[in-house]
S.K.: 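Quick one: this structure, given as structure tokens, is what I'll be asking you about.
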Amino acid sequence: MNWWLRPLSTFVLVLVASPLLAGIGQVKVMPRVDQSDLRVRVVLAAWVDSLSTWRGVVPASAGFDRSAVPGSPRGVVVDWFSQSEDIVREFPPTILSIEPEQQNWVVRTMFSTVDPDSRHVIPLGILRTTFRFDEDGLVETVQPLPAATSGWLSEQVGRLQVRYSSKTQLDRSRAAEAVAFLERTAGYFAVPAPEHVTMYVAADRDEMCSLFGLEYYAFPPSGMAFPDHGMVFSGLGDVYHPHELSHLVIDAIAPEAHEIINEGVATWLGGSITADFTTLVADYLRGRSPETIPNYLQLFTDREISQDDQYVLGAVIIDAIHRRHGAAGVRQALTTTSTSGVMLAVTRMLAIEQDDRIESLLPLINEALAYRTAQPGR
């Protein structure tokens with residue numbers, strides 16, 4: 001018997017009393033979901049089971065899993081809605097609808113919380129997931145990327161295949177800059193540049209998020225890289241996205257690099273969004289009072305540290321290592337993967353004493369800015 005034809009009571013138990021739900025909070029189902037429809041109940045049971053499994057494994061860091069299939073439902077749930085135990089606990093899923101679309105079924109899920117004082121709903125995101133029934137009656141998820149980009153244009157510029165939205169225009173000179181940056185960065189580390197890279201250029205961050213099935217996300221990134229698949233996504237309407245291109249080279253050196261070092265190197269090389277490293281450091285310094293700047297120990301051990309701190313301070317540390325030890329020092333930091341190992345390697349390369357680990361990183365920030373100001377273009 002096909003499992004979607006099993007008795008109704010099986011699915012009542014899955015949805016109401018399943019022990020799998022214990023780690024992710026209460027999964028709510030809106031009245032719009034027609035649970036009298038057997039196929040709706042099958043899709044609902046499969047989706048609740050998937051949410052329970054994927055949100056039960058919270059990654060050790062808040063970094064994206066760059067090895068996942070771009071846009072896969074599992075990857076999106078883990079990377080966008082399960083970055084920490086707090087996110088899992090505070091933003092439970094609400095299944096808004098399960099409805100047919102052509103030969104498939106589309107599930108829309110909102111992850112949100114309620115402000116305890118105002119009682120206002122605070123949404124984190126809305127995910128659209130497509131299911132289909134195979135010939136045996138089992139449900140499987142459909143990857144959103146191929147359908148979302150089926151009408152996109154495509155051009156080859158050197159080693160870069162650029163796929164871009166009809167809402168954007170390809171600037172071939174910027175594409176050539178992206179290829180040159182990729183080759184220059186690989187040359188710095190003495191590794192081959194990736195032979196083939198596919199760059200998806202969306203008009204804006206929301207359009208880029210829609211490629212992964214996201215109808216809404218509260219903190220949309222400007223870009224993402226998936227080195228295992230040779231893919232980079234830009235949500236800037238621009239093919240030149242050096243931060244994300246850097247991740248392709250970093251992955252060739254150290255696919256398991258520590259998140260602080262990984263993002264630090266990418267920020268040092270490629271800046272963030274449209275700002276280069278020097279601008280980021282200057283803006284960071286202007287926007288922070290000295291007492292709010294994390295120290296060395298906090299940077300590597302505080303689980304609540306902000307992304308700005310991770311990116312900018314990680315880049316400042318890499319900049320200091322580069323000035324003292326060159327590319328070999330940066331490589332050493334990248335290839336040391338554990339937190340304790342990275343901290344030990346960096347303290348040795350920068351001569352940070354044990355007691356100095358709780359001192360401010362402000363001197364390193366000032367050093368980086370002074371060096372870049374004295375030598376423009378470095």
Side-chain angles (χ1 to χ4, degrees), residues 63-64 66 70-71 145 148-149 152-189 191-212 219-253 262-284 307-308 311-312 314-315 318-319 322 330 372 376-378:
F64 287 110
R66 300 184 183 277
L145 182 61
T149 58
W152 282 31
L153 303 171
S154 180
E155 289 192 40
Q156 190 76 32
V157 181
R159 64 183 73 235
L160 206 62
Q161 181 191 16
V162 185
R163 301 201 62 194
Y164 56 102
S165 161
S166 60
K167 300 177 184 178
T168 67
Q169 292 183 337
L170 175 62
D171 185 331
R172 293 186 66 86
S173 65
R174 294 286 280 175
E177 284 184 56
V179 173
F181 174 85
L182 194 59
E183 293 172 347
R184 185 169 63 251
T185 302
Y188 169 78
F189 287 110
V191 297
E195 287 295 328
H196 304 286
V197 176
T198 303
M199 166 74 82
Y200 291 87
V201 183
D204 52 40
R205 296 182 299 170
D206 285 329
E207 185 178 39
M208 188 194 78
C209 289
S210 72
L211 304 182
F212 306 138
F219 309 100
S222 66
M224 294 184 69
F226 294 84
D228 283 8
H229 303 273
M231 293 181 183
V232 176
F233 293 80
S234 170
L236 300 174
D238 187 359
V239 68
Y240 186 68
H241 204 314
H243 181 100
E244 298 304 335
L245 290 167
S246 296
H247 281 299
L248 300 183
V249 178
I250 292 168
D251 187 77
I253 301 162
N262 191 330
E263 293 297 349
V265 171
T267 304
W268 175 64
L269 290 168
S272 181
I273 307 181
T274 58
D276 63 14
F277 170 66
T278 306
T279 303
L280 286 172
V281 174
D283 289 347
Y284 181 87
Q307 188 180 79
D308 282 349
Y311 282 36
V312 175
I318 292 301
D319 189 60
H322 168 72
V330 178
R372 292 300 182 106
R378 296 297 296 270

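All values reported here derive from a predicted model rather than from experimental measurement. No hydrogens, no waters, no symmetry mates; every other heavy atom, side chains included, goes into these values.
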S.K.: Does Glu155 have any side chain to side chain donor-acceptor pair (under 3.5 Å) partners at least two apart in sequence or in another chain, and if so, which?
M.R.: Tyr164, Arg172
S.K.: With the side chain counted from C-beta on, respond yes when Asp251 and Asp228 share a heavy-atom pair under 4.5 Å apart, and no when they do not.
M.R.: yes
S.K.: Side-chain contact, heavy-atom cut-off 4.5 Å: Met224 with Pro70?
M.R.: no
S.K.: Can you tell if the side chain of Arg372 reaches within under 4.5 Å of the side chain of Asp319, non-hydrogen atoms only?
M.R.: yes
S.K.: Name the orientation class of the two ring planes belonging to Tyr240 and Phe181 (parallel below 30°, tilted from 30 to 60°, perpendicular beyond 60°).
M.R.: perpendicular
S.K.: Could you list all the salt bridge (Lys or Arg N to Asp or Glu O under 4.0 Å) pairs where at least one residue sits in residues 231-242, not counting sequence neighbours?
M.R.: Arg174-Asp238
S.K.: Answer yes or no: is there a side-chain heavy-atom contact under 4.5 Å between Met199 and Leu245?
M.R.: yes
S.K.: Are Phe189 and Val265 side-chain neighbours, meaning at least one heavy-atom pair lies under 4.5 Å?
M.R.: yes
S.K.: Quick one: do Val197 and Leu248 satisfy side chain to side chain contact (heavy atoms under 4.5 Å, CB included)? Show the steps, please.
M.R.: CA-CA 9 Å; Val197 176; Leu248 300 183; 3.6 Å; yes
S.K.: Mind checking what makes side chain to side chain donor-acceptor pair (under 3.5 Å) contact with Arg184, not counting sequence neighbours?
M.R.: none
S.K.: Looking at Ser246, is its backbone amide N or carbonyl O close enough to the side chain of Glu244 to form a donor-acceptor pair, meaning the two atoms are under 3.5 Å apart?
M.R.: no
S.K.: Check the orientation of Tyr200 and Phe233. Use parallel for under 30°, tilted for 30 to 60°, and perpendicular for over 60°.
M.R.: parallel
S.K.: Do any N or O atoms from the side chain of His243 and from the backbone of Gly270 form a donor-acceptor pair under 3.5 angstrom?
M.R.: no
S.K.: Measure from the side-chain N and O atoms of Arg159 to the backbone N and O of Pro194, and report whether any donor-acceptor pair falls under 3.5 Å.
M.R.: yes
S.K.: Atom NE2 of His241 and atom CD1 of Ile273: how far apart are they, to the nearest 0.5 Å?
M.R.: 7.5 Å
